[in-house]
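Throughout, protein chains are lettered first and strands after them, A, B, ... in sequence-line order, and every chain is numbered starting at 1.
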Amino acid sequence: MDNLLHAFALALRNIKRAPLPYLLTVLILSLGLGMFFSNATLYYWLNHDPLPQKSHSLFYPQINSVLQPCDSCTEPMRVLSYQDVQKLSSSGIPSAQAAMFQSAGYARLPGNSDVSPTPVRLRVTQRDFFTLFDVPFLHGERWADDTARRELILSKASAERFFGRSNVVGETLRLGNELFTISGVLQDWEMLPRLYDVANGLNSARSADIYLPWETAFDLGIKSNTTTMSRDERDYSDNFAVNGREGQFYQAQFWVQLDSPQQVTAYQQFMQQLVHSEKEAGRHPRPEANRLTNILDITEHFNARNRQLDAFALVSLLFLLVCLFNASHLSLNRYLASQYEFGLRRALGCSRSQLQQLILADVAVSAALALFLSLAVAAAAMSLIASLLPATRNLTSWNPLMVLTMAGTALIACYLVTLYPALRASFGSLNRQLK
Amino acid sequence: MITLTNLSKIFRTELIETHALRDVNLQVNEGEFAALTGPSGSGKSTLLNILGTLENFDEGDYLLDGKSVKGLSDAALSRLRNEKIGFIFQSFNLIKDFSIFDNIELPLRYRGLKASDRKQRIEQALELVGLHARRDYLPGQLSGGQQQRVAIARAIAGEPRILLADEPTGNLDSLMARQVMELLEQINQRGCTILMVTHDPEQARRAGRHIQIVDGQLHDSTLYQPLAAVQGA
Ligand SMILES: Nc1ncnc2c1ncn2[C@@H]1O[C@H](COP(=O)(O)OP(=O)(O)OP(=O)(O)O)[C@@H](O)[C@H]1O
Ligand SMILES: [Mg+2]
């Protein structure tokens with residue numbers, strides 16, 4: 001204990017001896033670490049598994065169902081039509097399944113016609129959405145079934161925005177021109193990356209404000225505001241309740257939960273049989289191209305990786321290396337200046353391992369400083385990146401584990417920077433230094 | 001207590017080999033005060049550094065208290081330096097921003113002594129060198145002679161059995177040099193073995209034993225005196 005305090009007192013004294021070189025070293029390190037941490041944070045959030053307990057069982061099925069013949073079209077559409085969803089939903093194999101798409105609208109309280117309506121982000125989906133992605137309810141519950149119903153599920157934030165409180169189950173809200181009853185309110189919930197929406201490249205956007213039943217959206221002619229494609233000549237601005245359901249209008253994402261390898265195989269076989277019978281009925285002229293993609297592979301599958309962020313991460317790693325190199329140069333100079341003192345200590349009976357303890361205390365102090373500074377640099381850098389790439393602004397938080405990892409990284413960086421001078425201090429010849 | 005047999009030291013650089021010590025045989029007994037003289041570059045400091053285990057050697061052997069220092073681990077050598085050997089350097093080698101007290105404390109820390117024990121020993125050592133009142137000064141606030149006395153206090157605070165002094169009076173004027181010499185003689189009388197490099201013939205004469213070294217070779221340990229005579233001086 002006594003020795004530990006002594007070691008830290010010496011470390012502080014080392015700062016006092018050469019404050020400028022010391023600060024410069026720590027500053028350079030902090031810049032490198034900070035830039036690296038900011039990019040590593042974005043990279044981490046974009047690449048981490050948002051549902052580790054069940055990601056292995058979530059799959060995205062696709063079939064090559066477009067009705068126009070095309071022998072060279074060997075990739076299925078990214079999004080599905082209402083008909084695709086109907087067919088792929090009919091297996092009875094998954095323990096949960098839900099179709100969905102993103103939309104937008106305007107909402108306001110029913111009585112308040114003079115207040116201008118508020119823009120809201122919508123997710124049109126089915127009741128299993130909340131099961132598939134473990135979405136927690138604060139009040140109420142999910143829809144009783146998947147039939148059309150004038151019932152909304154609100155995020156906690158939007159419940160509070162419209163009503164000033166969260167328990168609003170049973171209240172009514174006007175969405176567009178229609179009146180809805182609120183049947184559930186979610187807890188604060190974000191899924192990052194938002195892998196269920198990767199088909200639209202929106203993996204870092206925020207969750208929806210309001211959830212609307214799938215069939216109701218078709219009844220009301222509410223369409224996706226991201227990807228929609230029509231493959232026939234119908235007029236989809238008219239009578240969408242019929243056209244949208246019958247026509248080749250592609251906009252939906254579809255997820256199934258297959259808990260065991262047997263279920264996966266069974267579902268694959270189901271898709272095969274489905275396509276074969278469709279072919280026999282003349283409704284599948286294109287080459288068979290069934291896909292069943294796990295949620296963790298979906299980003300690659302849709303080629304939706306944010307290459308910009310990958311490049312940023314790489315550049316920041318190189319920048320860190322340059323900073324490490326410069327910092328170790330500076331710290332070598334600093335250590336060479338006190339080389340004679342190391343020699344003196346050794347002559348007075350300080351062993352190499354005791355010397356290493358002194359150096360480690362020095363490292364710990366500079367690592368603490370560097371961590372503090374680098375977190376500030378990282379926070380600044382992330383807000384800069386977020387202003388350049390708005391899609392990243394939800395990826396900038398730190399959890400305790402990340403902070404711990406960053407502290408460890410700072411410690412290792414500071415140790416690397418002092419490693420060479422420290423070894424020189426320990427193993428250098430003593431007789432030259434002491435006259 | 002010190003026995004060197006056929007000891008050689010060669011410094012190798014890319015261009016040249018320097019035979020700093022050739023075939024040195026030396027026996028130093030407990031309680032001796034030996035002066036080591038010789039021309040510049042003759043190997044005096046090298047010999048002292050080897051005796052202090054700050055430097056290794058190429059051939060021969062070095063027995064300290066009958067045990068060879070060859071092959072000892074770094075930890076063992078550090079302990080040996082810390083417990084048995086005190087160093088005094090020409091340029092004092094005090095740490096500038098440590099107080100006198102803290103400077104003397106350094107070797108005692110590596111000994112693993114409790115704070116109260118350290119304090120007691122430091123005060124005894126300061127008493128002996130007559131600088132008790134200056135314990136909180138910084139080295140720069142003392143004269144050269146006083147600084148060397150602090151260095152001596154640091155060397156003896158751990159009560160080593162051997163004191164190795166490399167030109168301890170080289171940077172001092174004659175008055176201060178005499179004070180330092182008297183202090184060393186006093187320490188020797190308490191039973192501490194001293195090996196001192198010096199250029200001053202007067203000092204060499206005062207030492208109980210005079211060892212000359214030329215070109216890395218020991219030339220005759222002239223005035224060799226048995227232990228009893230030294231202690232009687
Ligand atoms: N680390 C070293 N590397 C190479 N040569 C060295 C080294 N240390 C000493 N020498 C050489 O070894 C020889 C003996 O040096 P040493 O320092 O022991 O002499 P000295 O007798 O103490 O001289 P002085 O009276 O000038 O202090 C010299 O020729 C010196 O150049
Ligand atoms: Mg010398």
Would the number of heavy atoms belonging to other residues, nucleotides or ligands and lying under 6.0 Å from [atom1] of [X] be above 12?
X: A/His329; atom1: NE2; result: no
X: B/Glu59; atom1: CD; result: no
X: A/Leu20; atom1: CG; result: no
X: B/Lys119; atom1: NZ; result: no

Least distance between heavy atoms, B/Tyr110 atom then A/Leu358 atom: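 Distance-wise, the nearest heavy atoms are OH-CD1, 4.1 Å.
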Residue pair A/Arg346 / B/Ser78: nearest heavy atoms and the distance that separates them: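 Scanning both residues completely, I find the closest heavy atoms to be NH1-OG, 3.9 Å.
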Does [X] reach the side chain of [Y], with side-chain heavy atoms less than 4.5 Å apart?
X: A/Arg345; Y: B/Ile95; result: yes
X: A/Leu348; Y: B/Arg109; result: no
X: B/Phe87; Y: A/Leu344; result: no

Best-contacting candidate, A/Arg13, A/Gln354, A/Glu341, against chain B by heavy atom pairs under 4.5 angstrom: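 Looking at each of A/Arg13, A/Gln354, A/Glu341 in turn, A/Arg13 comes out on top.
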Taking side chain as everything from C-beta outward and backbone as N, CA, C, O, which of these in [X] sits under 4.5 Å from a heavy atom of chain A? Side chain, backbone, both or neither.
X: B/Arg154; answer: side chain
X: B/Ile88; answer: neither
X: B/Asp102; answer: side chain

Name of the residue among B/Leu77, B/Asp74, B/Asn82 meeting side-chain contact (heavy atoms from CB on, under 4.5 Å) with A/Ser351: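 The passing option is B/Asp74.
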Euclidean distance, A/His6 NE2 relative to B/Glu105 CD, rounded to 0.5 Å: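 The NE2 atom of A/His6 is 7.0 Å from CD of B/Glu105, to the nearest 0.5 Å.
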Proximal component of A/Leu10, with respect to chain B [non-hydrogen, under 4.5 Å]: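 Side chain only.
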